[in-house]
Number of protein chains: 2
Amino acid sequence: MNAREILREHIAKTASLTDEQFDYCFEHFEPQSFKKGQVLIAEGDRVDAEYFVISGCLKSFFVNDEIKMYILQFAMPTWWTSDYNALYTKSRASINVDCITDAEVLSLSNASREKLCRDIHQLEYFFRWRTNKGYVATQKRLLSLMNNDAKKRYEELLELYPQLYNLVPKHLIAAYLGVSRETLSRLYNAH
Amino acid sequence: MNAREILREHIAKTASLTDEQFDYCFEHFEPQSFKKGQVLIAEGDRVDAEYFVISGCLKSFFVNDEIKMYILQFAMPTWWTSDYNALYTKSRASINVDCITDAEVLSLSNASREKLCRDIHQLEYFFRWRTNKGYVATQKRLLSLMNNDAKKRYEELLELYPQLYNLVPKHLIAAYLGVSRETLSRLYNAH
DNA sequence: ATTAGAATGTGATCTACATCACCTATCCAC
DNA sequence: GTGGATAGGTGATGTAGATCACATTCTAAT
């Protein structure tokens with residue numbers, strides 16, 4: 001399945017567009033390819049676009065004191081990622097986005113998204129739903145972080161995203177769970 | 001300022017509605033009053049509405065093992081609250097919402113919101129933005145929880161919402177920060 | 001093939017915070 | 001006013017997980 005079809009199917013799950021509407025919509029996306037390790041957004045950048053992942057895996061993360069990294073989100077195919085704070089407030093990036101593996105994305109600029117939302121009501125609906133899902137998921141994660149210990153959170157993560165285990169280095173999983181890589185290592189080696 | 005004006009001004013910050021549009025919109029909200037301690041949403045309930053706070057203070061919270069409480073959000077005037085997961089997926093509530101003080105709210109049913117979004121494009125825009133703000137705020141809180149110790153989080157909270165300090169009992173602030181009430185007590189008594 | 005740098009495992013130690021226990025002050029409801 | 005929640009404070013002790021230190025393996029570039 002090509003990028004166009006992946007996007008089409010993804011949107012169709014939430015909003016119904018006519019062929020003409022989707023054509024018009026798709027014109028606003030720009031396909032981009034990145035190599036493993038390439039940076040899409042660096043802290044301090046002006047942020048102008050969000051990214052819809054076609055293949056590969058990205059991460060969005062925050063680095064504290066130039067030392068510790070906390071992963072906000074792994075972005076797998078059909079997931080969206082960006083610095084949404086910077087994007088919506090037109091401020092500079094406070095988080096980073098880069099590639100864990102080689103990746104293909106569809107880039108959508110802020111201006112294009114707003115234009116599409118204005119022109120096609122169904123797309124505004126789509127983006128409202130998408131954001132709502134992200135909001136709910138983040139709230140769940142917040143609760144899990146307060147309520148569960150590292151082991152429980154690790155098990156939850158693997159249950160939710162089994163692919164991650166083999167795809168993503170363990171120290172990144174630790175950075176997502178909010179524990180040190182040492183602790184994570186001890187956890188799944190059942191100490 | 002009455003409820004109508006408060007809502008009008010709140011929406012106007014994000015979306016521009018004509019007088020007719022706002023009239024139509026406002027018809028879908030139902031004013032409700034609650035006493036301190038009253039429950040708007042209890043775990044297990046069917047959730048059919050979200051609430052826009054006019055006066056007073058609500059909390060949305062999760063109770064683990066019938067013992068420990070974690071507060072997702074304090075809802076002050078002009079804030080929205082509900083169990084958005086249950087509301088959007090039409091599942092039963094996994095969190096609770098009740099009143100910390102006497103409160104007046106405007107209740108908006110899920111059906112009414114969807115109708116309003118369909119009928120008035122600008123409102124769909126409004127709700128998209130509102131959800132986006134919530135998403136970004138929750139991400140920030142997630143980062144703070146992973147990155148900062150309890151003392152730092154406590155200071156951040158007071159800086160962001162100074163009103164809370166006098167309005168809300170300390171043990172609820174602890175439940176928001178994700179620390180025990182004892183630890184919170186020791187923190188601000190500078191041990 | 002060689003080598004430098006990532007990624008990972010594991011012990012020893014330290015620490016922020018939870019938990020338990022108990023005490024005091026305040027606020028209502030009868 | 002009195003008694004029972006509710007809120008808050010503080011000491012003693014326990015523990016999950018951080019941090020430090022170092023060894024091992026894997027990976028990718030030369």
Side-chain angles (χ1 to χ4, degrees), chain A residues 34-39 56-57 59 61-71 74 98-102 142-158 164-191, chain B residues 35-39 57 59 61-71 74 98-102 142-158 164-191:
Chain A
F34 296 97
K35 288 280 167 198
K36 177 176 174 173
Q38 261 193 286
V39 173
C57 182
K59 66 177 190 283
F61 60 102
F62 173 75
V63 180
N64 145 271
D65 306 333
E66 318 300 315
I67 298 177
K68 275 205 206 169
M69 180 203 299
Y70 297 98
I71 293 183
F74 293 112
D98 69 13
C99 299
I100 295 177
T101 67
D102 291 358
L142 191 70
L143 277 181
S144 175
L145 198 60
M146 293 202 282
N147 191 28
N148 302 137
D149 63 12
K151 180 158 202 175
K152 189 91 184 293
R153 274 180 276 144
Y154 173 65
E155 285 160 2
E156 271 181 10
L157 180 68
L158 283 197
L164 280 181
Y165 187 83
N166 293 314
L167 188 62
V168 173
K170 303 278 177 289
H171 73 273
L172 293 184
I173 292 187
Y176 178 91
L177 294 174
V179 295
S180 67
R181 53 170 204 82
E182 293 96 328
T183 295
L184 180 63
S185 166
R186 285 186 250 265
L187 280 182
Y188 62 76
N189 292 330
H191 290 216
Chain B
K35 289 281 166 197
K36 177 177 174 175
Q38 260 193 288
V39 174
C57 181
K59 67 177 191 284
F61 60 103
F62 173 74
V63 180
N64 145 271
D65 307 334
E66 317 301 315
I67 298 176
K68 275 205 205 170
M69 180 203 298
Y70 297 100
I71 292 182
F74 292 113
D98 68 15
C99 299
I100 295 178
T101 67
D102 291 358
L142 192 70
L143 278 181
S144 175
L145 198 59
M146 292 201 284
N147 191 28
N148 302 137
D149 64 12
K151 179 158 202 174
K152 190 90 185 293
R153 273 180 278 144
Y154 172 66
E155 286 160 2
E156 271 181 9
L157 180 67
L158 283 197
L164 279 181
Y165 187 82
N166 293 315
L167 189 61
V168 173
K170 305 275 176 292
H171 73 274
L172 293 184
I173 293 186
Y176 179 91
L177 294 174
V179 294
S180 67
R181 55 171 201 84
E182 294 96 328
T183 295
L184 180 63
S185 166
R186 285 186 250 265
L187 281 181
Y188 62 74
N189 292 329
H191 290 215

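Quick caveat: nothing in here was measured; it's all calculated off a predicted structure. Lettering of chains follows the sequences in order, A, B, ..., and the numbering in each one begins at 1.
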Worksheet item: Is there side-chain contact between V63(A) and K68(A), with heavy atoms separated by less than 4.5 Å?
Response: no

Worksheet entry | Heavy-atom side-chain proximity of I71(A) to L172(A) below 4.5 angstrom | yes

Return no unless some side-chain N or O of [X] is found under 4.0 Å from OP1 or OP2 of [N].
X       : N       : value
Y188(A) : dT8(C)  : no
S185(A) : dG9(C)  : yes
H171(B) : dG8(D)  : yes
S180(A) : dG17(D) : no
K68(B)  : dA18(C) : no

Worksheet item: Picking from dA16(C), dG9(C), dG17(D), which would you name as closest to the side chain of D149(B)?
Response: dA16(C)

Response to the item:
Per atom distances to the R181(A) side chain, the nearest of dA7(C), dG9(C), dA21(C) is dG9(C)

Atom pair distance, as rounded to whole Å: [atom1] in [X] and [atom2] in [N]:
X       : N       : atom1 : atom2 : result
N166(A) : dA7(C)  : CG    : P     : 16 Å
N147(B) : dA18(D) : CG    : P     : 13 Å
L177(A) : dA16(D) : CG    : P     : 17 Å
L184(B) : dT10(D) : CG    : P     : 12 Å
N189(A) : dT25(D) : CG    : P     : 14 Å
K170(A) : dT25(D) : NZ    : P     : 17 Å
K35(A)  : dA29(D) : NZ    : C1'   : 15 Å
I100(B) : dA7(D)  : CD1   : P     : 11 Å

Discussion item. Are there over 12 heavy-atom neighbours, none belonging to K152(B), within less than 6.0 Å of that residue's NZ?
Written reply: no

Worksheet item: the helix from dA1(C)-dT30(D) to dC30(C)-dG1(D): angle between its terminal axes, five pairs each, to 10°?
Response: 50°

Discussion item. Classify the ring geometry of Y188(B) against Y165(B): parallel below 30°, tilted from 30° to 60°, perpendicular beyond 60°.
Written reply: perpendicular

Discussion item. For a quick check, tell me whether the side chain of R186(A) and the base of dT19(D) share a donor-acceptor pair closer than 3.5 Å.
Written reply: yes

Worksheet item: Between the base of dC17(C) and the side chain of E182(B), is there a donor-acceptor distance below 3.5 Å?
Response: no

Worksheet item: Taking the six-membered ring of F61(B), is the NZ or CZ of K59(B) close enough (under 6.0 Å from the centre) and on axis enough (within 45°)?
Response: yes

Worksheet item: Relative to the 5' end of DNA chain D, which residue comes earlier, L172(B) or N148(A), by the nucleotide with the nearest heavy atom?
Response: L172(B)

Discussion item. Could you check whether any side-chain N or O of N147(A) sits under 3.5 Å from a backbone N or O of L143(A), counting only pairs where one atom can act as donor and the other as acceptor?
Written reply: no

